[in-house]
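What you see is a predicted model, and the numbers here were worked out from it, not measured in a lab.
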Amino acid sequence: MRRPIRLRHRLEDFMAACLRRLLQWGFVLACLVGAGGVHATQAQPLVLRDGMPPADLWSAFTTMADRTAALTAEEALANPAAFAVPSRSGGSLGIRNGAVWLRATLVNGASASTDWIVNIDYPSLHQVDIYLARDGRIAQHASLGNLRSFSQRPWQSRTPAMGLNMTAGASYELLVRVRTGGAMILPATVSQAPAFVASALAEQMLQGLFAGMAACLLIYSLGQWMGGSERIFLYYAVLVAASAGFCLQLFGIGAQYLWRDQLWVELHIASLCGFTALSALFLFMGHALDGSPHGGFLRTMQGGAALSAALGAAFLVDVIGTRTAMALLSVLGALPLLVSAPVAWRRARRGDPQGTTLLAAGVAYIVAAAGMGLLAQGLLPASFWTLHAFQIGAVVNMLLFLRVLGLRNAALRTAAQVARRERDAMRSLAHTDPLTGLANRRGLDLALAAALARCTPDHLAAVYMLDLDGFKPVNDRHGHAVGDQLLVAVTARLHEHLRHTDTVARIGGDEFVVMANDLTSAEEAHELGTQLLDAFRRPIMLGALELHVGLTIGYALAPLDSTEPTLLIKLADAAMYNGKQSGKFCVRRNTGDLALSSA
């Protein structure tokens with residue numbers, strides 16, 4: 001019992017070391033990327049020209065910390081010496097307390113007084129105030145951020161954006177004040193309206209594709225669950241919905257279209273979705289790897305799901321705040337995958353593709369979470385890939401988890417097929433003679449019951465009792481092995497002279513029963529018996545052995561002679577016995593005039 005525990009601890013230590021190394025590499029990369037900005041003494045004015053693509057404001061920004069968040073725009077504008085070139089370039093300042101001021105000098109080098117738009121492409125900022133000043137006076141101001149209702153935003157966009165009215169050839173001071181409860185990720189740009197709209201539409205299209213994919217996965221998984229599949233499909237559906245909800249809030253689509261002007265929802269939805277996704281991930285991984293030899297694994301995962309749900313409930317009633325909730329999610333987010341990793345690793349080593357797929361999902365999550373964490377800490381620049389790292393990782397995880405569901409379904413179908421084959425085999429053994437493959441007495445009873453249910457005076461059913469003449473001398477002379485071969489050969493010859501709808505059964509050592517239905521007359525029934533008799537006028541060859549056996553046949557007709565299966569067999573048996581007494585190798589019908597045997 002101690003070895004799996006030690007293995008899990010080693011794996012957790014290994015993953016923690018990998019994460020630390022990723023952080024170190026990211027820090028080095030961030031330092032290299034921002035090295036030019038660290039040694040600069042002041043930012044240069046940004047000259048705006050007609051037709052230019054969206055310009056990155058970080059080349060022109062200087063920053064000032066306002067820990068008390070008490071400075072006014074006028075005070076910040078009047079104190080340019082307090083601003084310095086940011087120590088980190090790339091649009092992320094990490095987690096800061098209080099407020100941060102950004103300042104840039106803009107020169108409208110366009111040919112006319114063109115409307116320019118300043119945009120911060122990160123919707124999850126609580127308070128964003130943008131000021132445009134000329135000649136030391138505030139000319140424009142917009143109060144933005146997700147603490148402000150969507151309908152009051154000057155631009156009805158998913159991100160904080162404001163139009164700048166600047167005279168051609170004039171110089172302006174741009175001030176941006178940011179205060180938020182999380183990371184200050186500020187990928188700020190300035191562009192003309194056509195370029196801004198084109199960029200916004202491209203992002204909307206991308207988010208639409210992600211949302212459409214999530215909707216398809218959600219509908220599929222719910223349909224599978226409601227159609228009777230395992231509960232793991234429900235856990236997958238909850239995981240997809242929660243991940244999609246988190247991304248909708250993160251990229252501002254939810255506030256724009258789904259919960260517009262619902263401030264409480266905007267402030268709580270991300271963390272609630274995070275705790276919900278965490279709880280669903282615990283349950284999904286637990287059930288996906290259930291049945292492993294690791295004792296108590298499912299109970300451990302269920303306990304993690306219950307803890308996540310309790311923390312989500314505490315956040316819902318404001319027992320814990322947003323910053324605490326995000327810290328808890330950061331710590332617990334990888335826990336389901338870390339706890340599951342040893343079990344998935346053992347399965348992968350046994351060649352189970354579910355284990356390999358879940359390990360790949362864990363790697364994808366760690367890479368995405370590391371990218372998101374490095375961006376939040378300001379160690380990676382804000383770019384398309386870092387801003388969408390979590391979303392891309394979530395999509396990869398959902399597709400890998402979908403493959404797990406597919407593999408699980410395939411395994412269940414295979415198990416069901418094996419069970420059906422075993423059931424059919426058991427049923428066949430119960431109704432089949434093991435030597436000849438013919439129906440036994442139980443199989444004959446089922447066939448008789450089905451045939452007699454639909455027989456009429458115009459559609460007769462005949463029951464023939466057949467006994468081999470001369471079988472015992474063959475058995476005594478050549479042995480039971482040859483006798484068994486002879487019975488198999490007799491079976492083959494009977495099938496040669498019967499219709500495919502007729503039933504042949506072996507009910508004793510050398511006793512056979514043939515049931516033929518859909519006969520139009522008693523004459524046709526007698527003719528069929530004669531054909532069977534004639535089939536055994538020629539010998540049966542078993543290798544070099546030439547064996548002569550004959551038949552004695554007795555039969556009865558339903559519904560003319562009886563409609564009871566047991567009585568029909570007794571009538572046919574009495575007719576066959578009478579034929580034996582009369583010299584064998586004959587066909588006799590019992591209409592009820594021949595005495596029944598006592599058997």
Side-chain angles (χ1 to χ4, degrees), residues 428-429 431-452 455 460-475 478 480-520 522-543 545-558 565 568-580 584-590:
S428 177
L429 289 174
H431 297 87
T432 304
D433 172 52
L435 175 62
T436 61
L438 299 175
N440 59 15
R441 183 58 183 263
R442 185 176 297 176
L444 176 63
D445 290 340
L446 293 176
L448 272 174
L452 294 179
C455 71
L460 304 177
V463 177
Y464 301 88
M465 180 69 71
L466 287 65
D467 188 80
L468 292 180
D469 299 332
F471 174 75
K472 189 175 184 302
V474 173
N475 214 25
H478 299 287
H480 291 289
V482 173
D484 290 344
Q485 294 178 42
L486 178 58
L487 291 175
V488 174
V490 168
T491 298
R493 186 163 292 186
L494 289 173
H495 279 305
E496 289 175 5
H497 294 82
L498 290 171
R499 303 166 302 175
H500 70 279
T501 57
D502 298 334
T503 300
V504 185
R506 179 183 175 223
I507 61 173
D510 62 342
E511 288 187 339
F512 296 83
V513 174
V514 173
M515 193 273 295
N517 51 18
D518 291 330
L519 301 174
T520 58
E523 290 75 14
E524 185 181 359
H526 190 80
E527 182 180 351
L528 179 58
T530 303
Q531 291 176 5
L532 292 175
L533 194 69
D534 293 340
F536 285 82
R537 293 186 184 277
R538 52 190 175 85
I540 294 177
M541 302 301 297
L542 294 179
L545 288 177
E546 181 179 299
L547 304 176
H548 293 267
V549 291
L551 291 179
T552 300
I553 303 174
Y555 72 98
L557 297 177
L568 281 169
I569 292 175
K570 286 185 176 183
L571 289 171
D573 184 67
M576 183 271 296
Y577 182 77
N578 182 267
K580 285 278 191 182
K584 303 181 181 180
F585 204 72
C586 60
V587 180
R588 297 286 175 86
R589 175 187 172 189
N590 190 354

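Just one of Thr436, Leu486, Asp433 meets the side-chain contact (heavy atoms from CB on, under 4.5 Å) condition when paired with Thr491; it is Thr436.
A salt bridge between Asp534 and Arg537 is present, with a side-chain N of the basic residue lying under 4.0 Å from a carboxylate O of the acidic one.
To the nearest 0.5 Å, atoms CE (Met465) and CG (Asn590) are separated by 11.5 Å. For the atom pair Asp502 CG and Leu532 CG, the distance stands at 8.5 Å (nearest 0.5 Å). To the nearest 0.5 Å, atoms OG1 (Thr520) and CG (Leu460) are separated by 7.5 Å. In this structure, the separation between CG on Leu466 and CD1 on Ile553 is 4.5 Å, given to the nearest 0.5 Å. Between the CG atom in Leu571 and the CG atom in Leu557 there is a gap of 10.0 Å [rounded to 0.5 Å]. Rounding to the nearest 0.5 angstrom, the gap separating the CG atom in Leu519 from the NE2 atom in His526 is 13.0 Å.
Taking every heavy atom of both residues into account, Leu551 and Leu533 meet most closely at O-CD1, 3.1 Å. Residues Ala558 and Leu568 share a closest heavy-atom pair of CB-CD1, 3.6 Å. The nearest pair of heavy atoms linking Met515 to Ala447 is CE-O, 3.6 Å. Minimum heavy-atom separation, Leu542 to Ala489: CD2-CB, 4.1 Å.
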With salt bridge (Lys or Arg N to Asp or Glu O under 4.0 Å) as the test, would you mind laying out the steps for Lys580 and Asp469 before giving the verdict? CA-CA 9 Å; Lys580 285 278 191 182; Asp469 299 332; 2.6 Å; yes
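Not one N or O on the side chain of Thr552 forms a donor-acceptor pair closer than 3.5 Å with the backbone of Cys586. A distance-only check finds a donor-acceptor pair linking the side chain of His497 to the backbone of Arg493 [under 3.5 Å]. Judged purely by atom type and a 3.5 angstrom limit, Tyr464 uses its side chain to pair as donor or acceptor with the backbone of Ala525.
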